[in-house]
Each structure stands twice: as structure tokens, then as C-alpha cells.
Amino acid sequence: MASSKHPVDAGTTASPHRPVDPRASFPELEERVLSRWRERDVFAQSLHRRTGAAPWGFYEGPPTANGPPATHHVLARVFKDIFPRYKTMCGYYVERKGGWDCHGLPVELAVEAELGFTSKEDIERYGIAEFNARCRSLVLSHVEDWNRLTERIGFWIDLDDAYRTLDRDYIESVWWALKTIHDRGLLYEKLKVVPYCPRCGTALSSHELGQPDVYRDVLDPSVYVRLPVTEPRGAAHAGDELVVWTTTPWTLVSNAAVAVDPELIYARVRADDGAVLIVAEELVERVLPSGADVLETFPGSELEGVAYEPPFGFIGRDAYGERGHTVLLGDFVTAQEGTGLVHTAIAFGEDDFRLGEQYGLNVVNPVRLDGTFDERIGPYAGRWVKDADQDLIEDLRARGRLLRAETFEHSYPHCWRCHTPLLYYAKPSWYIATSQRKDRLLAANETVNWYPDHVKHGRFGKWLEGNVDWALSRERYWGTPLPVWRCPAGHVRAIGSLGELEELSGVALADPHRPFVDDVTFLCAQCEDQMQRVPEVIDVWFDSGSMPFAQYHAPHENEEHFRERFPADFICEALDQTRGWFYSLLAVSALLFDRAPYRNVVCLGLILAEDGRKMSKSLGNVVDPWEVIDRYGADAYRWYLFTSKQPWDGYRFSMEAIAEGVRQFLLQLWNTYAFYVLYAHANGVVPEMLGDTEPSELDRWIRSRLQATVEVVRERLDDFDATFAGRAIQELVDELSNWYVRRSRRRFWDGDPAAFATLRECLVTIAQLLAPFCPFVADEIYDNLDGAEPSVHLCDFPEPGARDLELEEAMAIARETVRLGLAARGQAKLKVRQPLRAAVVVATGRERAAIERLGGLVRDELNVHELRFVSQADELAEVELKPNYRTLGPRFGKHMPVVAAAVAGLDGDRAASAVREGRTVAITVGGDDHGLSAEDLVVSMKPLPGYQVEREGSHAVGLELEIDDELRMEGWAREIVHVVQKARQEAGLDISDRIALTLDGDAEALTAARTHESYIAGETLAVRVSYEPLDGPEPVQIEGRELRVGVALAAP
RNA sequence: GGGCGAUUAGCUCAGUCGGUUAGAGCGCUUCUCUGAUAAGGAAGAGGUCCCAGGUUCGAGUCCUGGAUCGCCCA
């Protein structure tokens, strides 16, 4: 805080405090604090000091560092920072190990884009080894950006020892987990219909479908197809036509059956063209809007077994088996949409597939892995299936098999990275049988505290209840290889460590990634044939879900270390991790350890741009974190994120709100601190002088408020509520600056040690409270005012001390009285500078005692000579009585209107004094008498006309408005002080410079000046006052009269 | 279509157990105070508490239905 000018009185002790620039640049200050942290190795020290203390666990949800960090990453990182900092100060050992998520499709896609690849063949031709090498270097390409931002925003996390999911040790731990799951019979391979990306050539897991941007609104064809019944059966006549509906015409070539609901009522209807159609009864109008005659109705069960002619002839009935191209009964059919008869293509729908299994139909899949038809679909072979839709529709139309074709807007899933529409597609995949452990997942969730709590049984709980088996495998390259080997006979062995693999194969793998691991083979223990690894890698979410143990290479190493830190006390991520990391962590831990891996989860919402829309590059409304930091600093950024709202509600980003936080909070605090240092310098105050002081009422008050704030901040932070904890600090700073310091200025000019001691204690304690929130400014204040520790972050978090509740209440009443008095002045248009004889205060009992106790303060603020108390309001106002609904409501219930009327009818003064003296007041309700006591009545004042009275609740303040000559002179003296101070400021004098004061002008003003000369001289540090003609300075106007003020620096 | 959440002043947000004049900050108007402050204080303007029903003596708050927005699922 270089400052060219600050007061240094000759002869005073050199101050231990660096001078403080009241207009400090926070970004610059933060850079200096950062280098101090580096020099003093503060983060490491903060851990070191807690060696052996109870651990408090934090897990870092690993980001992928293949792009620069953005605003929402700042949000996550500052919330990940604040609670570990707090807990460290509370005495816990809070290890914070960084981590990077390294595998997965996004990385592969970036490399593919770099190389101009469009398919898996391109990659295989290029070579998996080289491809993966590129992935490896790309995935950490932005780590430096991340590290720089992480340090700059004050997120303390160990980045030097960060875990990386691509490391050999990490993968080995993941292998252990998979082997354990396999050995428990929970890992299996099965043909299932999965959401499949034909471009990426891999299936997506259900939680990948939970990624943002997966479901997009698209226009698809909506076609109604006629399927003629080939032979009469049940309710169907030969030649009747079943009507089915689909939005994926390309699946019609694979139609295997039609499903109906056995209970649903269907109808044979005659259409315009004379054909007889079969549809669900309640859908007749929607399917045939031009009208149709219902011939008969019957339940769906009567259609079972009806054979029909498929929409296309490419694949014959025999291919599917006996029940091919017949009507089957399904439990998934609804009359919500379509026709109530569901086109079933076994390979392309989950329900379809299950129905096929149930009826023993063969799976026939004429679509290749790249999403094109194979040769079985004759003229369409080689075409991308969705591109064939229109031609297929025309084909149907030409053959008279199309009832209607429209377009239909609906949301449809797309690949979360390459945005290709997904196909539901039957493929063999490896699964983890999480659904078999669903009850354990739910039980684990019960042990977790969620913030906000509705996530527990809402979004997350509901997600768990709908749990399906985890589709684990990916037919890709850059990922943790699935450690499963299989022999031609189908014997399977899962490998749990590299050592185990070496023992079997004799190969010590340096890099367990593909393609190296693919070459490792060994003999099957059962049939002595060669075992070969299955080709898949695993879902990256399993990698990150394994981090509790894999980050330590447990259980191969550090098992105890892991156990001590499991489960984490705290994790924090964006709400979109419900299906992502929150789930994968819970699932992995529930399967392996049968317990939740975390105790408390703080969820974060979405940050919208200033314009209320999503931040997106195309809209040009993205906020670069560096811009915020360079302009306002990390503390301001953090403060905004912590206190502007509850983080899970999401943010509408606002630069202006950050600036407001600087003005309203950081600068307020900073200036209070600068004020302390300025006057400590001016008075030669050093902390050693502040040991034993006699605190004033005001000192005791702010200390009590300080303790109250310590209580609240601890209580809120213990409940992971940074928002209200921060707001409590803000309130305290406001009270400190705008009441305590304002009311204590005189004492600081006079060098009162008690005032210095109090303000210093408040500032140091606030610095400690603020340390987890705004680590930079907090440390700067602490370091300059105290510095007993190398950093505020090495301090213990403040413990609440004794409070004086009576004094806090008294001050609140006194401040209220001041507010009323100032309002009365405002109404009377009387400046505060003009002293008045008296304020008349209506107050009794505790209120009166409180105001009397703090009477000096009230007089000063109101600038009145005395306070007069009246206990009866009639001098100033009429008493108005109202019922206290809170107490009387439960007692009288629906008779409350009668009670209110009875209270209104009471004699206000008499009733008020009666209850004040402890007697009860009688009212009559429904013929019965009831007694009301003080707590049943709300006494308020209604001002009488002609008085300048402000009232609030049960007290009021009136002012005596008469101004005599004496008061008038005093008023003048205050005016003169005011203009002299201005002149001092304009002359660029320092606050402690002594002056020679010359006054010239209006006679009455000069008389006032002479009368109050010592007061004026004292206030303005004038060593002498003279009254001589002046022609230099411009005259100033005071109430229409002129005064010239001459100010000259006096020799010391 | 289903789940979860939100909707309070021009803007950003509080609002406790349901209690009768719904608050704060910013912004605006007028005034005021100032030996720290980019500040502070007073007054004013600004509200169908999303809408409609219901429960209750009493609803911003509880219930039902609806609207809009967001997230998630399908």
C-alpha cells in the first residue's frame, strides 16, 4: 500500500502497520498476497500445522483439462475452496488432492478433428498407439491454464500431486474395482438395445444421456402404416388392416411384430375409402380425423396371434421365428399417442427387444455399426438409415400401405459430443448389475446430506429409484481397458492388477492402455486355450467414480490412507453431475464398500449470462473469468458467488453486482481498516499499548455484535451455507463502519486506546471470519494489523465469546430512536447541524432505560441538548391499541373480528397504562368477559396534529423546534467548522496538520465564531484564530450570508 | 408426457412457526451529514407477492389446478 502521504507525527513511535492506500487496487493487492503465500509456503503450512488432527475429507471431482476453464468452473472451484479452508481453520486436517479426468470420447473427438478423421477405420488405419499418444498429450494441454486460474482465484488444492485417471497406478486401482465387481457376479455381457452413436461407433450409458444438450428438439417423420391381416383370427377379419405409428420409418424394414395391450379396447372401423382398420378405440378420432364408423370393439387380447403382412418384404417371417409378423401382447403399450398398436422392431427399441425375448423372436439387425443398411435391405444397402426415411415413406405410399405421413416435433437424444442422432440399437455390451443393488444405493443415499435437501429424495433419489444396469463398455480406444480376458470357449477372467497379469502372461505392462494391453494373452485355466482381452474400454464415469481409492492407488498401496479418508465429508459439483459423478461415485462405492462415498454434497446451479440466456460462444455473451479477476479481483468474484444467492439456485451473471459487492462490502471494510491504520499512525498507537483498556458502551456493543457474528458464521458454515454466513459478515462490517466508527471518530482523533483496541480486535476477527471467503483481503488486513501468524489462514477460526444481549437490544432501540428523530428533523426541514434544545421521547420501561443508557449517543446524533422522556404519550400522541394476533388468534379463533372490534373500542391511554402496570384489561366477546394482558395488545402512537413527531411501534420522538439566539450561535459555529474543514481539504492539508485560521465576513457569523472560538479551533486544529479582512478566498454562503475563510499551515 | 425447482419493487435478492402497514441493496427524485469511505442518513416514487380456486378468524407463506421459465427424465 504505497502511499505518498500519510500522517507521521514527529516524535511518535514508528507504527508497526504499513500505511494503507484507501483507494487500493484489489487485483494488485491480490497478486502481492499471492507472492507472499508462495514465499511463506502458506498452503503447505496450513496442512502441516494440522498434522495428526482429525481428518476432514474432500474429494476433487476431476475436470477435463482439454479446454480453458470458464466461469462455471470458477463457481465450482471457489465453493470447493471455502469449506476446506474453514474446516482447516477449525482444526481439521483437510487434504485436498487435485485430479484430472483424462480419458474418454471428448478427447478422442478433439484428436479426430485435429487429424481430420471421420470414422473408427481412420483411427485404426492411423494406429491406435499413435492415436492414444496424441490423446494423452492433448488431454493435459490446458492444465497450465487451469493451474494458473486455480491459484489466482485462491483455490487451495494440491495440483503438484494431482491424480490423473490415465496413470498406470490409477488404472490398476480401477482394474481392482472391476475385478471385484466381476467376482461378485455383477459384471456381465449381454445383448441389449442401447443408445448408440453410429459416428463414434459406441454405445452411450444412461448417465451420458444425462449430459446437457443430449436431448434436442427435432422434426421427424410421423407415419401411420397399414398392415393387412393375412388370415382371420380372434377379432380380426382377413383383409382388415392394423394401423401402426412410428417416427422412425427406417425401422419399418425390421418390423418383427405388432404389440397391443391386452386390456385396452380396440375397434374395427370403416374408413372413408371403405377399408376396415384396427386401432385403439380412444384414438380413432386422432388417427382418422376425417371420420370413421366404428364397427365393433374388443379388448386387445382378442388380437393376439393375428398374422399380418409386414410393411416391407426384405426380411421374411421365418427370420424372426414362429411368432414373427403376428400380434403380440405387451405391457408397455399405451393410448397416449400413436394408434395403440405398436410397431415392434426388436433390434431398435428397448421395449421391442424385451418383447422379442419374451416371445422367443430372433434378433435380426440389418443395420451396420456405422448406421447404414446392410445388403439384406437391397436397394437401400449402404445408406445412412435416417436418410432413407423419405424414400421408404414414398415406397409405402406407392404400395398403398401408407395411411398418413406428417412431421412430428419431439425431443430426441443425440451424441453428447458429436451431436449425431443416436440410434436405439441391439448390441452386446458389458454391464454392471447396479439394479440388483438398488436397495443398497438407496440406503447409501439415505446417509447423505444434500444441499439443497430436495435433491436427496427429488432429483437424485428418483434417479436411483429408476436405476438400470450400468452400460460400462465402450468400443473405443482412449480409455481404461476393460480388464476382462476370454478364451474361444467363452471362459472369462477379470484381472485385478498388473502383477496378476504379469504372473499369467509373463508380460510386465509399462502402459496398460490400448493397444499394448490388447497383445497380452495367457492360457485359460479351464481349457488351456489362449485367452484374449475383450476389445472394449470402459465408461470414463467409472474412472472418476473410482477416485476415492484410485487416487491413492489403493488397495495396491496406501490402503490405510484411503480408509482414513473414506467417505469424504464434502464434495461439491454442478447439479448436472446428478447422473454423472454424484452417481458414479455412489454406485462404485456402494458396490465395493456398501456405503456412500460422501457425507455432504453441495450442488451448484447454472450460470446464465447477463442477458439471461445461456452463455454461449455463438451468442457472444460468454464471460471470461480473467476479465472479472483483472477488473475487480478474485475476492470480489468469490464474494459475489458466495453471497449473491444460494448457489444451487443458479446465477444470472452480473458484472454490476460484483462491482456493488466491492463498493458495499470490500471497500467498506477496506476503508474501515485504512481508517484504523491512519489514526494509529497519527496517534502513535501500537498494539502493545492496547492491552488493558476500559471499554465504552459502544465498544462493548460492537464486541458483542462481533461475537454474535462469530456464532452465526460458524453455525452457517457448519451447515455448508456460505451465503448467509457471508451476509452476516457483511452486516457486521456495515455496523462497524457506519455506526461504531462513525460514532467513535472523536475517540480516534483523541487517541483513546479503548477505541483502538476495540476496532483492531474487530478488524482482526473479521479478517479471520472472512479468510475462507475472501482469502486475499482477509490476509492483507490480518498481516498488517496482527501478523502473529505468517498468514490469517494459519489462524484458528474465531470461537464465539460472551455477548451482552441487553446492550445489543438497547443499541437497537437507541438507533431506532435516532432514526425517528432524524425523520422528524427531515419533516421539519431542519438541518442536523442546527442544534435544538430538546428531543421529547415517548418511551417507558426497558425502552426508556435503553435510551437513557445510550442518551449521549442519541443526543449527539440528533444534535439536541437534552432528551426529555414522557411516559404518557398524551403529550405528543394518542395511544392506539391493536390486538396482537399472534397471541389472541389461537385463543379466540374465529371470534377474532369481534376481539379486534372490542380492542379498538378500548380507551387507549387507560388500557395502555393498565397493562403497563401489570393489570389486565377486560373485553367482552360473545357475552363472556376476557382479560387481556400486556402481551395481547400492540400499543402504538398516533401523533397529534401540530407536533413534529415520528413514531414507530410503542415509542415516538418529538422535537422542540424553537431556536433561540444561543442555539442559533451554536448552529453558526457548526457551519463555520464545516466550511473550514472543506477549506482544509481543498488546501490539501493532512488530517493532523495544524492551521492558522482567518475569518472575515458577516458580522453575526463572526460573533458566533468568537463565542465558540475554542470549539472551532479545537475541531479544525487551528492554533490561532484571527479576524481580519481577506480578499484571497472566494466567500462561501451560509444561509445567505457571506464568510471568507483563510487557512494556512501553521508551524508545528 | 413425467420428475424436481423457480416466479415477491425497474434490476438483484430477503421474507422464520400462517399473525393483519411485505422488506433490503442498486437505480431514480428531493434533502442531508462528513478529519476514513467509491460511503452514511432522511423523505418520496415504485408491489394484482405469476393466475384461479380452496383451507383458515387470518395466506407471500399451507393445499389443489393452471401459466411461464430453468434443469432433469422419456
Side-chain angles (χ1 to χ4, degrees), chain A residues 7 20 22-23 206 209-210 212 214-215 334 336-337 410-413 452 454-455 457-463 465-466 574-576 578-579 605-606 608 612 614 640 643-646 648-652 654 656-657 659-664 666-679 682 723-724 727 730-731 734 737-739 741-742 745-746 748-749 818-827 829-833 861 863 882-890 892-900 938 940 950 977-978 981-982 984-985 989-993 1019-1021:
Chain A
V20 177
R23 300 189 177 217
S206 54
L209 288 183
V214 164
Y215 280 87
T334 72
Q336 296 289 317
E337 56 184 11
H410 63 152
S411 66
Y412 191 83
H454 60 73
V455 173
H457 295 122
R459 186 180 284 210
F460 194 69
K462 294 251 157 66
W463 161 254
E465 279 165 22
L575 207 41
D576 57 22
T578 310
R579 273 94 180 155
L606 198 72
L608 297 176
K614 268 190 184 176
Y640 163 73
T643 60
S644 71
K645 53 194 309 192
Q646 302 272 18
W648 43 83
D649 287 339
Y651 297 78
R652 179 157 167 185
S654 164
E656 191 38 54
E660 195 183 314
V662 173
R663 277 198 305 273
Q664 295 279 307
L666 288 178
L667 269 173
Q668 189 113 8
L669 173 62
W670 186 259
N671 280 306
T672 307
Y673 155 67
F675 175 91
Y676 174 89
V677 173
L678 184 67
Y679 283 97
T723 308
F724 282 83
R727 288 178 184 176
Q730 178 152 21
E731 263 175 58
D734 182 70
S737 170
N738 290 327
W739 193 247
V741 171
R742 186 172 122 82
R745 270 191 284 239
R746 166 76 55 182
F748 287 100
W749 307 337
V818 168
R819 196 180 70 76
L820 294 174
L822 289 175
R825 266 191 181 269
Q827 289 299 312
K829 304 245 179 261
L830 272 175
K831 296 179 174 188
V832 182
R833 269 202 296 273
E861 281 289 312
N863 196 14
K882 282 185 177 174
N884 182 359
Y885 283 90
R886 239 181 229 280
T887 60
L888 296 178
F892 290 101
K894 69 175 89 161
H895 298 111
M896 275 310 288
V898 184
V899 175
V938 178
S940 61
E950 289 293 322
V977 168
H978 181 58
Q981 302 295 18
K982 271 200 175 143
R984 282 184 60 114
Q985 266 181 0
L989 296 178
D990 196 87
I991 54 152
S992 57
D993 286 336
E1019 290 294 305
T1020 62
L1021 299 186

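Below, all heavy atoms of this structure are taken into account, side chains as well, without hydrogens, waters or symmetry copies.
The nearest whole Å value for the distance from the CD atom in A:E660 to the P atom in B:C11 is 15 Å. For A:D649 and B:C71, the CG to P distance is 14 Å, given to the nearest whole Å. One atom, CZ of A:F724, and another, C1' of B:U16, lie 11 Å apart when rounded to the nearest Å. B:G25 atom C1' lies 12 Å from atom CD of A:Q668, rounded to whole Å. Rounded to an integer number of Å, the gap from OH of A:Y640 to C1' of B:C26 is 14 Å. The distance from atom OH of A:Y679 to atom C1' of B:U37 is 12 Å, rounded to the nearest whole Å. Rounded to a whole Å, the CG atom of A:L888 is 12 Å from the C1' atom of B:U20. Straight-line distance from the CG atom of A:D734 to the P atom of B:G40: 8 Å, rounded to whole Å.
Between A:L669 atom CG and A:D734 atom CG the span is 11.5 Å, to the nearest 0.5 Å. Atom-to-atom distance recorded for A:R663:CZ and A:Q668:CD is 11.5 Å, nearest 0.5 angstrom. The distance from atom OH of A:Y651 to atom CG of A:L606, rounded to the nearest 0.5 Å, is 11.5 Å. A:N738 contributes atom CG, which lies 8.0 Å from atom OG1 of A:T672 (distance to the nearest 0.5 angstrom).
For the pair A:Q664 and B:C26, the criterion of a side-chain N or O lying under 4.0 Å from OP1 or OP2 is met. Within the structure, every side-chain polar atom (N or O) of A:H978 is placed at least 4.0 Å from both OP1 and OP2 of B:C33. For the OP1/OP2 pair of B:C57 and a distance below 4.0 Å, the side-chain nitrogens and oxygens of A:Y885 include no atom meeting the criterion. The phosphate of B:C13 (OP1 or OP2) has a side-chain N or O of A:K645 nearer than 4.0 angstrom.
Checking B:C71, B:G19, B:G35 against every side-chain atom of A:R459, the shortest atom distance belongs to B:C71. Of all nucleotides listed (B:U34, B:G25, B:C71), B:C71 comes nearest to the side chain of A:L606. Listed nucleotides: B:C26, B:C4, B:C57. Nearest to the side chain of A:P897: B:C57. Listed nucleotides: B:C57, B:A38, B:G35. Nearest to the side chain of A:R663: B:A38. Residue A:L667 has its side chain nearest to B:A38 when only B:A38, B:A14, B:U34 are considered. When distances run from any side-chain atom of A:K462 to the nucleotides B:C57, B:G3, B:C13, the shortest one goes to B:G3. The side chain of A:F675 lies closest to B:A36, out of B:A36, B:G35, B:C57.
Taking the six-membered ring where tryptophan is involved, the planes of A:F675 and A:F748 are perpendicular, since the angle between them exceeds 60° and thus also 30°.
The backbone N or O of A:G650 lies less than 3.5 Å from a partner atom in the side chain of A:K645, making a donor-acceptor pair.
The glycosidic torsion of B:G35 lies within 90° of 0, which places this base in the syn conformation.
Residue contacts for A:R652: at a heavy-atom cut-off of 4.0 Å it reaches the sugar-phosphate backbone alone, with no base atom in range. Within 4.0 Å of A:V898, counting heavy atoms only, lies no atom of the nucleic acid at all. Base contact: A:S737 has a heavy atom under 4.0 Å from a base atom. Among the atoms of the strands shown, base atoms are found under 4.0 Å from some heavy atom of A:T672.
The 5' end of RNA chain B is approached more closely, in terms of each residue's nearest nucleotide, by A:H454 than by the other of A:H454 and A:N884. Of the two residues near RNA chain B, A:Y651 and A:A674, the one whose nearest nucleotide lies more 5' is A:Y651.
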Quiz item: So what does the secondary structure string of RNA chain B come out as, 5' to 3', with Watson-Crick or wobble pairs under 3.5 angstrom, [ ] for crossing and | for pairs with another strand?
Solution: (((((((..((((.....[...)))).(((((.......))))).....(((((..]....)))))))))))).
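A gap of 15 Å separates the P atoms of B:G60 and B:G54, to the nearest Å. For B:G15 and B:G23, the C1' atoms lie 7 Å apart once the distance is rounded to whole Å. The separation of B:G1 from B:C57, taken at their P atoms, amounts to 39 Å, rounded to a whole angstrom. Using C1' as the reference atom, B:A9 and B:C26 are 12 Å apart when rounded to the nearest Å. Separation of the P atoms belonging to B:U61 and B:A42 is 31 Å when rounded to the nearest angstrom.
The aromatic ring of A:W749 stacks onto the base of B:G35, its centre lying under 5.5 Å from the centre of the six-membered base ring with the two planes under 30° apart.
By the 4.5 Å heavy-atom criterion applied to side chains, A:R459 and A:R579 are counted as neighbours.
The neighbour count for A:H895 NE2, taken as heavy atoms of other residues, nucleotides or ligands under 6.0 Å away, does not exceed 12.
Closest approach of A:T723 and A:T643 over heavy atoms only: CG2-O, 3.8 Å.
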